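Accompanying notes for the structure given below.
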Amino acid sequence: MQLIVGTDSTWSLRAWLCAKIADIDVSVKVVDLTKPDYRQQLALLSPTGLVPALKAENLLVHDSLAITEYFNELADGALLPASREQRAYARSLCSELHAGFFNLRSLCGFTLEPVAPVDRNTPQLRPEIERVEAIFDAAELPFMFDKPTAVDAFYAVLAYRLNSYGIRLTGKAGEYQLSLLNWDLMTDGIEQMRTWKG
Ligand SMILES: N[C@@H](CCC(=O)N[C@@H](CS)C(=O)NCC(=O)O)C(=O)O
């Protein structure tokens, strides 16, 4: 299987992390999203013109959440917690990230380079950060549940983004943020992302 990813693409990193948690072997094809002709390249690889996309035999999965679910099925549920209730909660958290946190995304753009801190108390950021805090507060530690799941993969990228902008959560939420930042898979993922830039 081939995972088509983009430079500095957080959605791509989430899919890559999920492949690793599920122990699924994928080769990586990188599209440099800074190149002037990247849209032409992507048009040949992904029906939406977006990354990530997963190319399997007779199949193309073109959204990070769908890729995560596909990996989860291939790996007999390895990406979600064991209980049905926890799986429903985990899916809600992944969907919430996938569909939300617009202000954090637009005001704290993902970057591997050092950036200036932002004020977490601005009216746009504060409610979203408080929501992240509430989610992180419920973590079992060191992961959200009793084993690494897609939730950790999805939120590790957000934990990293917050940290880049000088936003360190406190209390249990802060412990979970730190645990995600120090997670060996996440540090490997960040290194992997640096190689995508060539
Ligand atoms: N909901 C999609 C979002 C994918 C997405 O927005 N990808 C961005 C990179 S992070 C992209 O391909 N951008 C290229 C463009 O906008 O032309 C997913 O989760 O896979």
Side-chain angles (χ1 to χ4, degrees), residues 1-22 24 26-56 59-75 78-80 87 89-113 115 118 125 128 131-132 135 144 148-165 180 185-186 188-198:
M1 276 186 295
Q2 187 181 52
L3 183 64
I4 300 150
V5 302
T7 47
D8 276 356
S9 161
T10 57
W11 299 113
S12 301
L13 177 58
R14 289 185 189 100
W16 186 89
L17 290 169
C18 286
K20 292 289 164 186
I21 297 172
I24 290 170
V26 289
S27 63
V28 171
K29 180 176 177 61
V30 184
V31 176
D32 186 344
L33 301 180
T34 64
K35 287 270 158 62
D37 68 341
Y38 87 88
R39 281 181 205 279
Q40 287 99 298
Q41 260 199 69
L42 271 184
L44 302 172
L45 298 167
S46 160
T48 53
L50 298 173
V51 283
L54 180 76
K55 207 169 137 189
L59 172 72
L60 201 125
V61 193
H62 64 267
D63 180 276
S64 59
L65 200 50
I67 293 169
T68 300
E69 287 287 350
Y70 183 59
F71 284 159
N72 186 54
E73 287 192 20
L74 287 179
L79 277 165
L80 289 172
R87 282 200 300 280
Y89 178 50
R91 286 190 168 104
S92 305
L93 291 177
C94 289
S95 304
E96 182 175 351
L97 185 86
H98 189 254
F101 299 109
F102 291 113
N103 292 329
L104 271 171
R105 271 194 229 154
S106 62
L107 300 173
C108 304
F110 182 84
T111 169
L112 292 167
E113 308 310 324
V115 278
V118 296
L125 290 181
E128 291 192 0
R131 177 61 193 145
V132 176
I135 294 170
M144 182 59 73
T149 64
V151 172
D152 305 298
F154 274 47
Y155 282 87
V157 184
L158 185 57
Y160 183 92
R161 185 193 296 253
L162 292 176
N163 187 59
S164 305
Y165 287 88
L180 291 177
L185 190 55
M186 181 57 184
D188 285 357
I190 293 295
E191 282 318 304
Q192 175 74 202
M193 243 185 153
R194 290 190 199 282
T195 69
W196 296 351
K197 279 155 113 66

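Indexing begins at 1, ligand by ligand and atom by atom, following the structure's order. Computed from a predicted structure; not experimentally measured.
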Check your understanding: In ligand 1, which numbered atoms sit nearer than 4.0 Å to a non-hydrogen atom of D63?
Key -> 1 (N), 2 (C), 18 (C), 19 (O), 20 (O)

Exercise for review: Check whether any N or O atom of H98, backbone or side chain, sits under 3.5 Å from an N or O atom of ligand 1, and answer yes or no.
Suggested key: yes

Check your understanding: N/O of G49 under 3.5 Å from N/O of ligand 1, yes or no?
Key -> no

**Study point:** Nearest-contact summary for atom 13 (N) of ligand 1 - protein heavy atom, Å
**Key:** L50 CD2, 3.6 Å

Check your understanding: Is there side-chain contact between H98 and T68, with at least one heavy-atom pair below 4.5 Å?
Key -> no

Exercise for review: Applying salt bridge (Lys or Arg N to Asp or Glu O under 4.0 Å), name anything that partners D8, two or more places apart in sequence or on another chain.
Suggested key: K197

Practice item. Calculate, to the nearest 0.5 Å, the distance between atoms CG and CG belonging to L59 and L54 respectively. Key: 7.0 Å

Practice item. Flag the pair F154 / L93 as yes when at least one side-chain heavy-atom distance between them is below 4.5 Å, and no otherwise. Key: no

Check your understanding: Can you tell me which residue and heavy atom of the protein come closest to atom 17 (O) of ligand 1, and the distance to 0.1 Å?
Key -> Y38 OH, 2.5 Å

Check your understanding: Nearest to atom 19 (O) of ligand 1, what protein heavy atom do you find, and at what distance?
Key -> S64 OG, 2.5 Å

Review point. Does G6 have a non-hydrogen atom less than 4.0 Å from ligand 1?
Key: no

Practice item. Considering the heavy atoms of P52, write down every atom of ligand 1 situated less than 4.0 Å from one of them. Key: 20 (O)

Check your understanding: For the residue pair F110 and Y160, does the interplanar ring angle fall in the parallel (under 30°), tilted (30 to 60°) or perpendicular (over 60°) class?
Key -> tilted

Review point. Atom CG in L42, atom CG in L33: separation rounded to 0.5 Å?
Key: 6.0 Å

Exercise for review: Enter the distance from Q192:CD to L185:CG here, rounded to the nearest 0.5 Å.
Suggested key: 10.5 Å

Review point. Between T10 and ligand 1, does any nitrogen or oxygen pair lie at a separation below 3.5 Å?
Key: no

Practice item. Look at atom 4 (C) of ligand 1 and say which protein heavy atom is nearest, naming residue and atom and giving the distance to 0.1 Å. Key: V51 O, 3.2 Å

Exercise for review: Ignoring angles and geometry beyond distance, decide whether S9 reaches within less than 3.5 Å of ligand 1 through its nitrogen or oxygen atoms.
Suggested key: no

Practice item. Using the test salt bridge (Lys or Arg N to Asp or Glu O under 4.0 Å), find all partners of E96 that sit at least two apart in sequence or belong to another chain. Key: R131

